[in-house]
Amino acid sequence: MLKVRCSSLGAIMTNSRSKKEVLSQSAKGYIKQYILEKKFGKYKEIKSKYFDKGNEVEAEGIALCNELLDIDFVYKNHEKFSNDYITGIPDVNTDKTLLDIKSSWDIFTFPFFDEKIPKKGYYYQLQGYMWLTGKTESMLVYCLLNTPQHLVEDEIRKEHWKLNAIDEIPEVREFFETNHNFDNVEKKLRLKSFKVKYDPDIIEEFKQRIEVCREYYNELDKLLTIEQVQNA
């Protein structure tokens with residue numbers, strides 16, 4: 001039975017552009033990927049510089065939260081939670097605190113001036129985590145951390161390749177190294193948090209949408225089974 005990852009709740013909750021359909025193309029795309037993974041044991045590679053940075057600086061982000069947030073000591077959560085509808089692994093889940101930590105790629109993707117969560121998908125993700133853990137309050141935390149040097153080197157190499165440069169251009173190196181080091185930004189400005197409260201109405205919307213997703217999943221499952229029989 002299809003269970004939606006909390007990180008993908010935003011995809012399935014996206015409204016369809018067609019009034020005749022409930023599921024958006026994003027939702028259908030997620031379900032197609034899900035059924036292929038479950039059916040054939042293959043998993044789509046998720047690679048990007050943003051994803052890589054987030055993984056590599058996660059411990060630094062948690063340390064920054066401990067230093068700057070007025071909450072109990074926080075630490076990395078490794079426990080996976082699941083119910084009849086969704087699954088997820090919150091970044092931080094202590095007795096009193098539930099956090100999801102995002103590490104911005106650069107200063108221009110950090111939400112300095114936002115008063116609300118920049119991406120609705122992150123709001124849904126936190127609602128899912130609270131549903132799974134029984135928490136009634138949570139926090140989305142953005143951290144602005146120095147980009148690991150090897151990722152900066154990747155950016156420098158890519159830029160030289162675009163310029164067809166054989167020898168290194170000092171100005172290119174200076175640009176990327178400067179833009180990915182944030183030591184000159186006051187530390188307290190390098191963390192931005194948004195509080196999110198549990199909303200039972202949203203949970204009911206999750207349940208209804210996931211039931212529709214399951215109907216579509218079953219349609220795809222039958223289609224794959226028919227094609228396999230025909231091609232045997």
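FYI, side chains are in, hydrogens and waters are out, and symmetry mates aren't considered; it's all heavy atoms of this structure. FYI, the numbering just counts along the sequence from 1.
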>> Could you list the cluster mates of Phe73? Members are the ILVMFWY residues connected by side-chain heavy atoms closer than 4.5 Å, either directly or through other members.
In response: Tyr75
> Does any N or O in the side chain of Lys3 come within less than 3.5 Å of the main-chain N or O of Thr87, such that one atom is a donor and the other an acceptor?
Replying inline: no
>> Is the positively charged end of Lys28 above the ring of Tyr216, judged by distance under 6.0 angstrom from the centroid and angle within 45° of the axis?
In response: yes
> Would you find a donor on one side and an acceptor on the other, under 3.5 Å apart, between the side chain of Asn83 and the backbone of Ile86?
Replying inline: yes
>> If we ignore hydrogens and angles and just use 3.5 Å, is the side chain of Lys53 paired with the main-chain N or O of Pro148 as donor and acceptor?
In response: no
> Looking at the rings of Tyr123 and Phe194, which for Trp means the six-membered one, are their centres under 6.0 Å apart?
Replying inline: no
> So, is the end of the Arg214 side chain (NZ or CZ) under 6.0 Å from the ring centre of Tyr85 and within 45° of the ring's axis?
Replying inline: yes
> Is a donor on one side and an acceptor on the other found under 3.5 Å between the side chain of Asn181 and the backbone of Asn146?
Replying inline: no
> Do you know which of Lys188, Arg190, Lys187 makes salt bridge (Lys or Arg N to Asp or Glu O under 4.0 Å) with Glu67?
Replying inline: Lys187
> Members other than Leu69 in its cluster, when Ile, Leu, Val, Met, Phe, Trp, Tyr link by side-chain heavy atoms under 4.5 Å?
Replying inline: Val57, Ile62, Leu64, Leu68, Ile71, Val74, Val92, Leu99, Ile101, Met139, Val141, Leu145, Leu191
> If you draw a 6.0 Å radius around CG in Asp183, do more than 12 non-hydrogen atoms from other residues or ligands fall strictly inside?
Replying inline: yes
>> Looking at Ser8 and Ala11, would you say the former's side chain and the latter's main chain have a donor-acceptor pair under 3.5 Å?
In response: no
> Of Lys119, Lys102, Lys192, which meets side chain to side chain contact (heavy atoms under 4.5 Å, CB included) against Pro111?
Replying inline: Lys192
>> Check this for me, if you would: do Glu153 and Arg173 make a salt bridge, where the nitrogen-to-carboxylate-oxygen distance has to be below 4.0 angstrom?
In response: yes
> Just wondering, are more than 12 heavy atoms of other shown residues or ligands nearer than 6.0 Å to CG in Asn184?
Replying inline: yes
> Would you call Lys39-Asp221 a salt bridge at under 4.0 Å N-O?
Replying inline: yes
> Does Tyr43 OH have over 12 foreign heavy atoms under 6.0 Å away?
Replying inline: yes
> Between the side chain of Ser138 and the main-chain N/O of Val196, is any donor-acceptor distance below 3.5 Å?
Replying inline: yes
>> Is there a side-chain contact between Phe112 and Ile107 in this structure, where contact means two heavy atoms from C-beta onward sitting under 4.5 Å apart?
In response: yes
>> Just to verify, which of Glu79, Lys135, Lys76 counts as forming a side chain to side chain donor-acceptor pair (under 3.5 Å) with Asn93?
In response: Lys135
> Quick check: are there more than 12 heavy atoms from other residues, nucleotides or ligands sitting under 6.0 Å from NZ of Lys38?
Replying inline: no
> Side chain of Asn77, backbone of Pro90: donor and acceptor closer than 3.5 Å?
Replying inline: yes
